[in-house]
2 protein chains.
Amino acid sequence: MNDSYHHGDLRRALIEAAVEAIAEGGPGSLSLRAVAKRAGVSHAAPAHHFGDKAGLLTAVAAEGHERFADALERVWESTGDFAEVGVAYMRFAVDNRAYFATMFRPELLHEDDPELVRAAARSRATLYRGTGERDADGTERTYNPAALAAWSLVHGFTELLMGGNLAPEVGDDPEAALRDIGSWLRV
Amino acid sequence: MNDSYHHGDLRRALIEAAVEAIAEGGPGSLSLRAVAKRAGVSHAAPAHHFGDKAGLLTAVAAEGHERFADALERVWESTGDFAEVGVAYMRFAVDNRAYFATMFRPELLHEDDPELVRAAARSRATLYRGTGERDADGTERTYNPAALAAWSLVHGFTELLMGGNLAPEVGDDPEAALRDIGSWLRV
DNA sequence: CGAAAAAAATTGACACTGTCAAGATATCGC
DNA sequence: GCGATATCTTGACAGTGTCAATTTTTTTCG
């Protein structure tokens, strides 16, 4: 509990330091040693909690999926509008650059980490929720063309936006632009 | 021309070696020294042609945009069908993983490199071609909601596909799936 | 309470990386 | 042939991830 040798909750502190570092330079430029320094511990401390660099990024991605699912769920429950969920999708990416950028970079992660798999499945399920179609047993379908179209559109717009590939007039008010192009989708 | 000291066309050889390496491990894991070894030259040779690592990746991205624009143009001119251009978009990504993955990773590139800017503008112009809308002076519009919706949808689908985020039934025949979800777009 | 066991964090080393400066070698202009 | 220049190599440097060994703390339990 004291702050001499044992940190108390170093795992938490390392994740937070990692998120800060990712926000500054992207997940690809993350340095374990820099994260350790930021958290005030020795250079090899992170490895003890996460195994390796991919392990730390995996923890960040998993936490990102949880927060993502929370945000989407909140919007869906308060509005019941699928289009609003799409807008929340984009807004999460803008407001949580570090998490979002890490979540969709599989080559940096331990893809089969159970915690990550579970969190990713939850955020995916949230996305498909409310798109109507269900299988015979009542569970929501995982492949649903209309939902996949909407997901693709929102994800693509978001990726292009974050990569700076959109015209300035779009980037200045992305929310309006997204609602605009969303109306081109047949409901 | 001989192969002793001067290589002949080392720049070309390095780009090709880089593309091979990227195909294996993604643009983020590219090592200049490994590329140099692959091309059979010393570890510092690449820096002389490309300045730094980002310079080499920028050259790859620029060449990717050129090839991309070529592919899209070919399809547009032979079919005149915008939906076919979308399919070609995805197919290019699948068939040219290394180029595609590099093109849309701005944090690894010299974004204002003239060659890259020019090539990226060309591939973007090709995308917007044939979507109808024009400005008063006759040039195609850069912001066109319908075209942006289509671009977002195709790009998003492609990104999700390449990231392994789609259900197996989609990944097994992505072309059919893309045509399927494309029909959810109001023309 | 106190010793044994486990957990947490440190230290030091290793091979690898990008980048820079200095030197060596080839080609080109004249 | 000869100076200028482009091309490539060599050697060095700090920074990186990862591993093994060690030190320090906490927990377990008789």
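Computed from heavy atoms alone, side chains included, the values below leave out hydrogens, waters and symmetry copies. Residue numbering restarts at 1 for every chain, and letters A, B, ... go by the order of the sequence lines.
Distance, A:D52 CG to C:dA15 P: 20 Å, rounded to whole Å. Atoms CG (A:D9) and P (D:dT26) sit 15 Å apart, rounded to a whole Å. At whole-Å resolution of the value, NE2 in B:H110 and C1' in C:dT19 are 12 Å apart. Rounded to whole Å, atom P of D:dA6 lies 16 Å from atom CZ of B:R11. Distance CZ (B:R12) to C1' (D:dC8): 19 Å, rounded to an integer number of Å. Taking atom CZ on A:F50 and atom C1' on C:dA8, their separation rounds to 13 Å, with Å as the unit. Computed from coordinates, the A:K37 NZ to C:dT11 P distance equals 13 Å when rounded to whole Å. Rounding to whole angstrom units, NE2 of residue A:H48 and P of D:dT24 are separated by 16 Å.
Below the 3.5 angstrom threshold, one finds a donor paired with an acceptor across the side chain of A:H43 and the base of C:dG12. For B:R33 against C:dT19, a side-chain-to-base donor-acceptor contact under 3.5 Å is present.
Listed nucleotides C:dT11, D:dG17, D:dT10 differ in distance to A:A44; the shortest reach to its side chain belongs to C:dT11. Ranking C:dA9, C:dT10, C:dG18 by closeness to the B:L32 side chain, first place goes to C:dG18. Checking D:dC8, C:dG18, C:dG12 against every side-chain atom of B:S31, the shortest atom distance belongs to C:dG18.
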Pair A:H155-A:F104, ring-ring contact (aromatic ring centres under 6.0 Å, His included): steps then yes or no:
CA-CA 10 Å; A:H155 183 73; A:F104 291 98; 4.7 Å; yes

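Here the CG-CG distance, from A:L127 to A:N144, works out to 11.5 Å after rounding to the nearest 0.5 Å.
Contact annotation for A:A47: no contact, since no heavy-atom pair falls under 4.0 Å across all strands. Among the atoms of the strands shown, only primed sugar atoms or phosphate atoms (P, OP1, OP2) are found under 4.0 Å from some heavy atom of A:L30.
Other residues, nucleotides and ligands contribute only 12 or fewer heavy atoms inside 6.0 Å of the CZ atom of A:R118.
Aromatic ring pairs are classed by plane angle as parallel below 30°, tilted from 30° to 60° and perpendicular above 60°; the pair B:H65 and B:F68 is perpendicular.
Proximity of A:E20 to A:R38: side-chain heavy atoms (C-beta onward) are separated by under 4.5 Å at one or more points.
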